[in-house]
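Here the structure is a predicted model, which means the values were calculated and not measured. Numbers here simply count residues along the sequence, with the first being 1.
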Amino acid sequence: MARATAHPDHQCISSEDIQGTEVYGADGNNIGEIDHLIIDKVSGRVAYAVMSFGGFAGLGHSHYPIPWGALTYDPSLSGFRTSITEQQLKDAPEFSDDSWQNRDWETRTHEHSGTSNYW
């Protein structure tokens, strides 16, 4: 269920309202949903939305950090639109818990998704 429409007239939104919001590819097909956000502690900027995709009945799904700049809220979908394809998600730079401290991984991730870095 998309929760990003909890306050449709507000410019700001709570991160808890973004969790579970659907993500659609450029073709309009649903490719996953937002699981959680990653926020840069120093700047306060949202760096990534971690998207859950794939799997069946909640099993076997993957998580992929999408640069926040790769998402655009689309009110007609009550969700986020991205030009990142499902294949790009599958081919993305390998992620681990140490990746958050690795600018090389972040740079490769932004290059892979065709976005500018947030820093």
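The CG atom of Leu71 sits 5.0 Å away from the CD1 atom of Ile66 when rounded to the nearest 0.5 Å. Note that OG1 of Thr85 and CD1 of Ile31 are 7.5 Å apart. Values are rounded to the nearest 0.5 Å. How far CH2 of Trp68 is from CD1 of Ile39: 9.5 Å, rounded to the nearest 0.5 Å. The line from CE of Met51 to OG1 of Thr21 is 12.5 Å long, rounded to the nearest 0.5 Å. The line from CD1 of Ile34 to OG of Ser15 is 11.5 Å long, rounded to the nearest 0.5 Å.
Side chain of Thr82 to main chain of Ala70: a donor-acceptor pair is present (N/O by atom type, distance under 3.5 Å, no hydrogens or angles). Under a 3.5 Å cut-off, the side chain of Gln19 and the backbone N or O of Asp35 do form a donor-acceptor pair. Judged by distance alone, with hydrogens and angles left aside, the side-chain atoms of Gln88 form no donor-acceptor pair with the main-chain N or O of Ser113 at under 3.5 Å.
Residues passing the side chain to side chain contact (heavy atoms under 4.5 Å, CB included) test with Asn29 are Asp27, sequence neighbours excluded. The side chain to side chain donor-acceptor pair (under 3.5 Å) search around Ser43 returns Asp40, not counting sequence neighbours.
Taking a cutoff of 4.0 Å between a charged side-chain nitrogen and a carboxylate oxygen, Glu111 and Arg108 do not qualify as a salt bridge.
Listed by first then second residue, pairs satisfying salt bridge (charged side-chain N to carboxylate O under 4.0 Å, His left out) with a partner in residues 76-85 read Asp74-Arg81, not counting sequence neighbours.
Across all their heavy atoms, Thr109 and Pro65 have their closest contact at CG2-O, 4.0 Å. The two residues His110 and Pro67 make their nearest non-hydrogen contact at CE1-CB, 3.3 Å.
The aromatic rings of His112 and Tyr64 sit perpendicular, their planes meeting at an angle over 60°, well past the 30° parallel limit. Ring pair Phe80/Tyr73 is perpendicular by interplanar angle, where above 60° counts as perpendicular and below 30° as parallel.
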